[in-house]
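Read through the structure below, which is laid out as structure tokens, and then see the notes.
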Amino acid sequence: MAERVAVIGVGLTKFGELWTKGIRDLAIEAGAKAMEDANMNSKDIDAMYVGNMSAGRFAGQEHLNALIADQTGLNIPSTRVEGACASGSLAVREGMFSILAGQHDIVLVGGAEKMSDVSTAQATTGLMGAADEEWEGFHGLTFPGLYALMAKKHMHDFGTTREQLAAPAIKNHHNAIMNPIAQFPFEITTEKVINATMVADPLTLLDCSPISDGAAAIILARESVARKYTDTPVFIGGTGLSTDALALHDRRTLTALDAAVRASKRAYEMAGVTAKDIQVAEVHDCFTIAEIMAVEDLGFFKKGEGGKATMDGETQIGGKISVNTSGGLKGAGHPVGATGIKQAAEIVMQLRGDIGKRQVSGAEIGLTHNVGGSGATAVVNIFKR
Ligand code: COA
């Protein structure tokens with residue numbers, strides 16, 4: 001990489017059921033906050049990338065690229081990027097590449113989703129658009145169902161226990177208490193997780209990320225202009241993207257996301273680091289089993305040991321590696337198109353050292369792991385101070 005790309009501003013809305021705000025309000029709020037954070041106004045922005053999974057199904061609104069650019073008062077190049085729940089991180093990559101290609105100096109990357117205006121049944125059906133419709137959706141599978149199959153197999157093959165499965169949710173709800181934007185900032189216990197309403201055996205309500213509204217934005221700038229706006233630029237050191245079969249039955253295994261393994265290898269190589277160098281990571285814990293597989297797929301722990309490591313506290317703030325300091329998708333919420341950008345914003349704030357109570361002391365290298373569907377798209381981005 002010749003000149004590096006820096007993140008110079010971040011902006012987040014609250015995540016949750018936000019009855020009084022539509023998707024355009026959320027996107028504008030996040031973008032405005034990011035510009036304020038970067039000490040700039042909209043005239044400084046050269047282009048925009050918008051991550052969104054399914055505004056058409058969830059909010060009846062397509063054509064977000066132009067809608068959001070227009071609302072910002074800009075008629076700049078604006079592109080919508082879609083890769084299911086990984087749309088946000090894909091948008092970060094595209095924004096970065098547009099700068100590296102010499103096209104732009106400053107790019108706003110935003111992500112938004114408004115999911116709570118439809119019923120849970122409609123949201124579930126909408127989300128299943130990210131799975132294989134012919135082989136999975138048509139037969140009645142849901143996302144909790146798909147991840148329940150992976151959880152059962154992980155428990156069978158590696159002896160992961162029901163208690164270990166609950167551990168990421170307990171940690172992430174705890175971390176969410178320190179995050180002002182979080183949807184579910186409260187403590188839960190192993191007993192509460194196990195005894196909550198069953199959604200898809202073995203996953204209960206408290207093993208699932210919620211249905212959320214929210215938006216996030218970051219501002220990217222080429223290195224030579226970044227320092228005009230901030231003294232604490234955080235650089236994108238590496239990025240990796242890989243894909244896999246949409247249908248679970250076409251995959252090599254049910255107990256790992258091969259796309260995430262491949263994406264992380266590429267990102268580590270590009271950044272010139274290894275898993276051991278990562279101090280803080282935001283991983284895609286759409287279900288508790290997803291975080292257990294993520295910490296294995298990323299190479300933080302050996303295959304099959306993710307559940308034990310989480311239960312032993314190795315991924316809590318200040319542990320061997322701090323995972324999901326934001327509260328993750330589980331505690332902070334999962335407005336799907338915004339998630340990858342919220343992850344990036346969290347890591348940037350960690351590396352700047354200005355994130356308050358949930359600060360990982362001395363954090364210099366961080367990572368985001370963002371998964372689309374049940375693992376058919378995976379994006380890993382690495383950030384450095
Ligand atoms: N975690 C914790 N609490 C949750 C929750 C979650 N995931 N989802 C809802 N709640 C809470 C609500 O706040 C509400 O609390 P209250 O009674 O104190 O107000 C209560 O549980 C019931 O909420 P409700 O909206 O009726 O839940 P629901 O049954 O409609 O939806 C799920 C629950 C688990 C089905 C839904 O959150 C879901 O589908 N999650 C998965 C989303 C998904 O697949 N995302 C993509 C991943 S790849």
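All ligand and atom numbering here is 1-based and tracks the order in the structure.
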> Nearest non-hydrogen atom to atom 1 (N) of ligand 1 belongs to which of K330, M115, H334?
Replying inline: K330

Look up [atom] and tell me if a protein heavy atom lies less than 4.0 Å from it?
{"atom": "atom 24 (P) of ligand 1", "result": "no"}
{"atom": "atom 45 (N) of ligand 1", "result": "yes"}
{"atom": "atom 19 (O) of ligand 1", "result": "no"}
{"atom": "atom 27 (O) of ligand 1", "result": "no"}
{"atom": "atom 16 (P) of ligand 1", "result": "no"}

So, are [X] and [Y] salt-bridged, with charged N and O less than 4.0 Å apart?
{"X": "R262", "Y": "D297", "value": "no"}
{"X": "K33", "Y": "E29", "value": "yes"}
{"X": "R24", "Y": "D70", "value": "no"}

Return the residue, atom name and 0.1 Å-rounded distance of the protein heavy atom closest to [atom].
{"atom": "atom 36 (C) of ligand 1", "value": "I211 CD1, 3.9 Å"}
{"atom": "atom 9 (C) of ligand 1", "value": "L205 CD1, 3.9 Å"}
{"atom": "atom 41 (C) of ligand 1", "value": "S209 O, 3.1 Å"}
{"atom": "atom 4 (C) of ligand 1", "value": "F184 CZ, 3.5 Å"}
{"atom": "atom 31 (O) of ligand 1", "value": "T120 CG2, 3.8 Å"}

Taking all non-hydrogen atoms of both residues, which atom of [X] and which atom of [Y] are closest, and how far apart?
{"X": "A271", "Y": "K384", "answer": "O-NZ, 2.7 Å"}
{"X": "I219", "Y": "A38", "answer": "CG1-CB, 4.3 Å"}
{"X": "Y49", "Y": "A91", "answer": "CB-O, 3.9 Å"}

Tell me if the [atom1] atom of [X] is crowded by more than 12 foreign heavy atoms within 6.0 Å.
{"X": "K21", "atom1": "NZ", "result": "no"}
{"X": "F138", "atom1": "CZ", "result": "no"}
{"X": "E163", "atom1": "CD", "result": "yes"}

Run the side-chain donor-acceptor check on residues 192-202: report pairs under 3.5 Å with partners two or more places apart or on a different chain.
from, atom 1, to, atom 2, distance (Å)
N195, ND2, E191, O, 3.1
D201, OD2, K152, NZ, 3.3

> Just distances here: any N/O of T124 and N/O of ligand 1 closer than 3.5 Å?
Replying inline: no

> Would you say C208 and ligand 1 have an N/O pair spaced under 3.5 Å apart?
Replying inline: yes

I'd like to check which ligand 1 atoms, numbered from 1 as shown, lie under 4.0 Å from a non-hydrogen atom of [X].
{"X": "F287", "result": "44 (O), 47 (C)"}
{"X": "F143", "result": "44 (O), 48 (S)"}
{"X": "L127", "result": "42 (C), 43 (C), 44 (O), 45 (N), 46 (C)"}
{"X": "C286", "result": "47 (C), 48 (S)"}
{"X": "L206", "result": "2 (C)"}

> Any side-chain donor-acceptor pair under 3.5 Å between S212 and E113?
Replying inline: no

